[in-house]
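Accompanying notes for the structure given below.
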2 protein chains.
Amino acid sequence: MVQNARSKKTSSSQRREESLSREQIIEASIELLDSSGEEGLTFRALSERLATGPGAIYWHIANKSDLLTAACDAIIARTMNAPLASVTSGTPPQTTIRLLALAMFDAIDAHPWVGSALTHALGKSPMVRIVEHIGQQVQALGVPKKEHWITVSALLNYILGVAGRNAANGQLARTQGLVRSDFLKAVSTVWSQLDPKEYPFARSLAAQMRAHDDRKDFLAGIDLILRGISSPRRT
Amino acid sequence: MVQNARSKKTSSSQRREESLSREQIIEASIELLDSSGEEGLTFRALSERLATGPGAIYWHIANKSDLLTAACDAIIARTMNAPLASVTSGTPPQTTIRLLALAMFDAIDAHPWVGSALTHALGKSPMVRIVEHIGQQVQALGVPKKEHWITVSALLNYILGVAGRNAANGQLARTQGLVRSDFLKAVSTVWSQLDPKEYPFARSLAAQMRAHDDRKDFLAGIDLILRGISSPRRT
DNA sequence: ACCTGAACACCGTTCAAGT
DNA sequence: ACCTGAACACCGTTCAAGT
């Protein structure tokens, strides 16, 4: 209360001007999520950052799930529009899909919480945006209309799988105070010590796991699926 | 307190015999998760079901995350072993992979919470089991050793993506009191009303979404990836 | 119309005290 | 060795009361 006493200064500096807006709340949520992860986003921390009470937020936002979806949507909207800047009408759809997928990967890498937020926003706007952008390229690829759903689903599920993994990796790494590469090294070490009778394959994979590059491997998976899409059915 | 008064009856019926065991706790957790979803698993509900206090559980289990992983592992262990019963040495690896993948789908369909539990148990035993079983088939497929990691990752990420989606679908459907098919119909209706200028593709997908069959489409995605695996690289 | 902040009904987890 | 259950430090959400 004391620090609010100097409110005579018309409308200059760090005091909130006019009223709280949905955009302000979402932007503050993103900052909070980026700096302290999913569990760092609480209505109390958020209202403190916005210099207001917990109840005030409920005037603009329905509930926490709504808040998370909105924050996620803000990131996805930026992510889906950015890579299209370098795309011309001559760009092959495969290239555009790779660009979109990589943009998703980088966004989730920068904001791990987006990964799990996406999972919980299935019919919602973030997902619609992604489906739209990827779908248009699948269409341009000449995939028959009947297979649109299955093809987009396959790409989307793969991307969501990676997203979820990255989100979990990020959170685990944060919890244990490790960088992600160190965390993977730790897992690799555990796997290399698995019982060779029971888990021969997982054990043999430990070395590749230690050396791998998340981003490159993600793209390799996209390429694998793209190959599957353009490969004839056998049935 | 009153209902425990008749404890003279030696050791016959519904009273706990001997002491609480980790297995009992995990089994009760699975029942709770199946009947009331992820948010239904609380230490209070669990301890009530086990006729004990919340603190007692901590003697056998480290924390909630440990509990969820253990419950998930119990389901995955059953899931990965069952389909192998019908596999002989002559079964082509593709067929076995399809069987394993379908077993995963069905398990997650029956226990939606497994989907999100898997995401949070990355280096842990449930994941090791899955990697081991799928990996052995990838190896049998003749995939070069250098590509083991990427190939298994692609399959796994796809499966995890579907798993996460199913988990979220199940939870949403539960929250809104809908069966899953009704929930998809509702989403499809929303999508069919999207702005055709902004979201032409997503809009055109609504019909396919309404008609689709989760399980069949899941398998179609696996087949698509399998085609990609056996299709030559272009580099 | 928008905000305040106390209050409600929960959580996971701990820990002295019991047996 | 194992269990009890009160207590702690949190949550999301609501709502009368304010401006």
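A note on names: the letters A, B, ... follow the listed sequences, proteins ahead of strands, and every chain is numbered from 1.
- Judged purely by atom type and a 3.5 angstrom limit, A:S47 uses its side chain to pair as donor or acceptor with the backbone of A:R44.
- Between the A:K124 side chain and the A:L118 main chain, no donor and acceptor come within less than 3.5 Å of each other.
- Of the nucleotides present, C:dA6 is the one that pairs with D:dT14 by Watson-Crick or G-U wobble criteria, both distances under 3.5 Å.
- Proximity of B:W59 to the phosphate of D:dC2: a side-chain N or O atom is located under 4.0 Å from OP1 or OP2.
- D:dT19: Watson-Crick or G-U partner is C:dA1, with both key distances under 3.5 Å.
- Rounding to the nearest 0.5 Å places CG of B:L67 at 5.0 Å from CG of B:L41.
- Of the possible polar contacts, none joining the B:S36 side chain to the B:L33 backbone as a donor-acceptor pair under 3.5 Å is found.
- In this structure a side-chain-to-backbone donor-acceptor pair under 3.5 Å is missing from B:H111 to B:I75.
- In this structure, a donor-acceptor pair under 3.5 Å is present between the side chains of B:T189 and B:R210.
- Spacing between atom CZ of A:R22 and atom C1' of C:dA1 amounts to 17 Å, rounded to whole angstrom units.
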Treat primed atoms plus P, OP1 and OP2 as sugar-phosphate and everything else as base, then score nucleotides 6-19 of chain D 5' to 3': B for base contact with protein heavy atoms under 4.0 Å, S for sugar-phosphate contact only, - for none.
-B---BBBBB----
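- A:Q24 places its CD atom 13 Å from the C1' atom of C:dC2, with the value rounded to the nearest Å.
- Straight-line distance from the CD1 atom of B:I25 to the C1' atom of D:dC3: 11 Å, rounded to whole Å.
- Residue B:H60 places at least one side-chain N or O under 4.0 Å from the OP1 or OP2 atom of D:dC3.
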